[in-house]
Every structure is written in structure tokens, then in C-alpha cells.
Amino acid sequence: MSPLPPAEQQSAALDDDARPNTPHGPDTPHGPDTAKARAAVRGGAFAYFVDQFDIYLPIVVLAPATDYFQSARLSASTTALLASLVFASTLIGRPLGAIIFGHFADTVGRKRTTLVAVGGFGVITLITACLPGHETIGTWSVGLLIALRFIDGIFLGGEYTTAVPLAMEWSPRHKRGLNASLITSTSPAAYAMIAALTLLLLQALPSTGLHSAYVQWGWRIPFVAGALLAALLFRYYLTQVHEPPPEYTGKRHKLPLVRLLVRYPKSLAQVFVLMTGTWLATNMEAAVTPGQLKEHLLLSSKQVTLTMLVINAAAALSYPLFGLLSQRIGRRRFYIGYGLSVMVIGAGSYALLMVSGGGLGAALGWGVMIGVFTVGTFGPIAAYLTERFPASIRSTGYGVGYSLALIAPAFYQFYLRQFDGAMPSHLAPAVLIALAGALIAFGGFLGPETRDVDMADDSTIPKLA
């Protein structure tokens, strides 16, 4: 038998329905309009910022206002569990939103679906700002908060499922790593902004008891700000962002989720491993660290807020560097190396902070290392996940791959309790950070190299390693 022609050899290196890269892509004269591309990337960054601002609101803003939603007679463990459910309910709603909105993004269009998602979470955030407290409606207060956050999570899951692939489809190939990191760097930036806003509010308004100004109404201000940001984002997408050309979104299928599960289960499984580690590390950094700073290191609410601001500012500054690094050495090498760094440096820094016994200075110093070496996976993630799936199911693949792995890490409080009696509670998060790093490295190892994938090619990505 004669050897395959070169074109067929290249096709054989791809999955069964792949075809080699076409000459027309974002890097050629036939690529997308520059102004439209910039508007799409700016829109993706703005959308991701507003999304993350909304997600982290209850963690930072409601922490000093727990008495408003819960009875003071509850035990500390029950209070912590209910607080974790407020955050977890948002995370659990996001995979459902990814499935729903991913379907419409792939069948109807990215822009229109983004507008619906943004409008939805903007309204829910505004309603949350108007909730009555435990004094007024009893346990219904925290119940409504958890329910609204679940619905909010559905719309939030839809927003990044549509807006991020849209931005990446407009991005030139050689800039995808940088553009992705600029988009995702808005996540820790949003956390840092919430922390700064909360710090200012706590400085101006007392939070000394149930009837203090911050507990009664001060916490509502950031939620109203989140709703206003959603309104601005809606207007921006409506007037500035364009639907990608048909060659960048691929042939539309009636059931993109079914196609994803039937044709690309290995790709989805590999992404699931990597993203499970990513979200586990994120929850340790964003959701667990504030409580440990307050309960174990005995920092004040203001000092905790300042420390979290510094942690996330450091992470935000590192993202563009990681995006550029992944563009230079490849996504696969980056994730293998970064996962190992999380295991050693990230987990080590967290443990050293907890045993240091130091005050604010130690928290800020180790906090920088924690910020850089726990959540840096997100640097090039927008590029990597959109490169992992073909154009025709890209939103569904990106959204489900990004969100499905949220569920298991969302129950982090349950995992931490398994260490009770085996080690001090303040060291258990370091163990989970190390586990997260192992999952990230293993997920990166299982996956292919994707940085040169042609986004206009409606085919699968290269085979798994």
C-alpha cells in the first residue's frame, strides 16, 4: 500500500471528522475586521469582569453582614455551612446555565444569547439587593438568598459561555494567549475591586451588630453597583459587539450538547480533570482563605479584606504573563508546569502562612505567593478551552467544560471536614491546594497542544496525548 499523501497524513493526525487548517484565519488579510475584533475582546473582558464581580459579591460583601440573614443563635459551624451554600448555589447553577445558553449560542448566535444572559443576572442581582432580613421573614431570608444565587448562577453560566468564545473567535491566533489572559485577569481584579469597595464601606459604616448601618443597608450598595455594571455591559454588547462571521462559528447543529457528548467525550473528560483542579484551588483561595485569616490568624475584618485585595491584585497582574508564556511554550507545557507549581509553591505558601503566626505583614507577604500560584490556571484558560472544541459546538464545549467541574469543588466544606482529627483545620486547605495542582498538571498532560488550532476550521482539535 502506498503511503498517504501529505494532506491525508495531516488529517489522520486529527480526530475522525477533522480537516487540516485552512489558509484563511485571523492572521491573514482575509481575517476579521480589526475594529470589530477589538470590540469583541473588550466586550469579553468587560463581561468576565462583571461576571466575576457578581460571583464574589456574597463572599466578600456579605461576610460582615451574616447576622442580617441568619439567626444569631446558630452555631459557628452552621453559620459557616449556610455561608458556603450561598456561594455553592451560584457555582451549582452555572453548569445548567452553560448547557442552556451554550445550546442557544451554537444554534441561534453568540451575541443575542449573551444579551439574554447579561440581562438576566443583572435583574437577579438587583432583586438580591432588596432582600429583607431574618428579623423580618425569618429563615426565608437566607433561603431566598440561596435560591436567588442559584438562579443568578444559571445566567452567569450563560454569560461566559457565550461572550468568551465570541471574543476568542475574533482574536488573531498569535494574540489568543494574551487576549485570553487580559479577559480572565478581570476575575481577580473584580475580587480586588469588591474588596476595596467593602473596605471603604466598612471604614465609613459600622458593622458592629445586627442594627449597625453596614449590616442593615451598607451591603446593598455593591449589589446595586453589580446590577448597574450589568446594565452597562448589556448596552455595550447591544451597540458595539458583532456576531462573528459564519466561518468562525461553524455549521450549526440542532443538538450541540448531544454532539459534544457523543463525538468528543475524551476531550470533555480531559477538560473536566483540569478544571476540577482549577476550581478546587480557586475555592481554597477565594472562599476558604478569608475565614482562615479571621479565625486562625485573628485578623480584623478590615485586615482580611485588605489581604484578599492584595492576593487577587497579585493574581491579576500575573495572568498576562501566564498568557504570554503559554503562547510561547504552548498551552500543554504551561499547564503541566503550573500544576506542579501549585502543588509545591501554592500549597507550601498557604501552609507557611498558617503556621507563621504573623500578623498583617505576614499575611500580605505570603498572600502574594498564594495569589500567583493558586489561580493562575485561568491566565490562558479562555484560549485553551475554546481551542479544545470545534467551531460548531464551541460555546457548548467551552461552557460545559468550564462549568461542569464546578460541582465537586463546590462542596469544599465537606472535604475539609474529613480532615478533622487528622490535622489542624487551618492546614487542611493546603492539602486540597496540593491535590488541585496535581489535577491541573495531570489534566494538562492528558491534553494536546492547541495554540496553533485554526478557530475558523469546523473540525476537532488534535488528539489527546
Would you confirm whether [X], through its side chain, and [Y], through its main-chain N or O, come within 3.5 Å as a donor-acceptor pair?
X: T90; Y: G153; answer: no
X: K36; Y: V241; answer: no
X: R112; Y: V108; answer: yes
X: R149; Y: S89; answer: no
X: H296; Y: M354; answer: yes
X: T136; Y: P132; answer: no
X: Y412; Y: V288; answer: no
X: W170; Y: T34; answer: no
X: D106; Y: T396; answer: yes
X: T162; Y: T113; answer: no

Heavy-atom count around [X] [atom1] within 6.0 Å, excluding the residue itself: above 12?
X: Q418; atom1: CD; value: yes
X: Y236; atom1: OH; value: yes
X: R42; atom1: CZ; value: yes

Rounded to the nearest 0.5 Å, what separates atom [atom1] in [X] from atom [atom2] in [Y]?
X: Q52; Y: T186; atom1: CD; atom2: OG1; result: 6.5 Å
X: L274; Y: I381; atom1: CG; atom2: CD1; result: 5.0 Å
X: L293; Y: L298; atom1: CG; atom2: CG; result: 10.5 Å
X: T289; Y: N283; atom1: OG1; atom2: CG; result: 10.5 Å
X: N179; Y: S171; atom1: CG; atom2: OG; result: 4.0 Å
X: I370; Y: I345; atom1: CD1; atom2: CD1; result: 12.5 Å

Is the gap between the ring centers of [X] and [Y] under 6.0 Å?
X: Y68; Y: W219; answer: yes
X: Y335; Y: Y384; answer: yes
X: F322; Y: Y338; answer: yes
X: F378; Y: W279; answer: yes
X: F389; Y: Y398; answer: no

Does [X] reach the side chain of [Y], with side-chain heavy atoms less than 4.5 Å apart?
X: T282; Y: T374; answer: no
X: L131; Y: S141; answer: no
X: E159; Y: V50; answer: no
X: Y48; Y: S187; answer: yes
X: F155; Y: F101; answer: yes
X: F49; Y: M193; answer: yes
X: L205; Y: V215; answer: no
X: L260; Y: S267; answer: no

Applying ring pair (Phe, Tyr, Trp, His ring centres under 6.0 Å), name anything that partners Y319, two or more places apart in sequence or on another chain. none
Shortest non-hydrogen contact from [X] toward [Y]:
X: A167; Y: A40; answer: CB-O, 3.5 Å
X: S181; Y: P320; answer: OG-CA, 3.2 Å
X: A286; Y: Y56; answer: CB-CE2, 3.7 Å
X: Y237; Y: L115; answer: CB-CD2, 3.7 Å
X: G93; Y: F150; answer: CA-CE1, 3.6 Å
X: L406; Y: P95; answer: CD1-CD, 4.4 Å

R388 and Q270: side-chain hydrogen bond (donor to acceptor under 3.5 Å, both in side chains), yes or no, with the steps? CA-CA 10 Å; R388 287 294 284 116; Q270 178 261 321; 2.8 Å; yes
Charged N to carboxylate O under 4.0 angstrom, [X] versus [Y]?
X: R110; Y: E169; value: yes
X: R94; Y: D152; value: no
X: R417; Y: D420; value: no

With no hydrogens and no angle check, do the side chains of R331 and S326 hold a donor and an acceptor under 3.5 Å apart?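 Indeed, the side chains of R331 and S326 share at least one donor-acceptor pair under 3.5 Å.
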Before you tell me yes or no, could you show the steps for L229 and F53 under side chain to side chain contact (heavy atoms under 4.5 Å, CB included), namely the whole-Å CA-CA distance, both residues' side-chain angles and the distance that decides it to 0.1 Å? CA-CA 9 Å; L229 284 172; F53 187 95; 4.1 Å; yes
Begin with the C-alpha distance, continue with both residues' side-chain angles, and end with the deciding distance and a verdict on side chain to side chain contact (heavy atoms under 4.5 Å, CB included) for Y214 and V61. CA-CA 10 Å; Y214 184 89; V61 174; 3.5 Å; yes
Assess the residue pair L145 and L62 against the criterion (side chain to side chain contact (heavy atoms under 4.5 Å, CB included)); give the C-alpha distance rounded to whole Å, side-chain angles, the decisive distance to 0.1 Å, and a yes or no. CA-CA 11 Å; L145 176 62; L62 295 185; 3.8 Å; yes
In a check of side chain to side chain contact (heavy atoms under 4.5 Å, CB included) between V60 and each of L199, I194, N312, which one passes?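 Looking at L199, I194, N312, the match for V60 under the side chain to side chain contact (heavy atoms under 4.5 Å, CB included) is I194.
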For the side chain to side chain contact (heavy atoms under 4.5 Å, CB included) test, which of V342, T377, V375 pairs with T278? T377
Any chance you could lay out the side chain to side chain contact (heavy atoms under 4.5 Å, CB included) test for I127 and C130, step after step, and finish with the verdict? CA-CA 5 Å; I127 293 174; C130 302; 5.7 Å; no
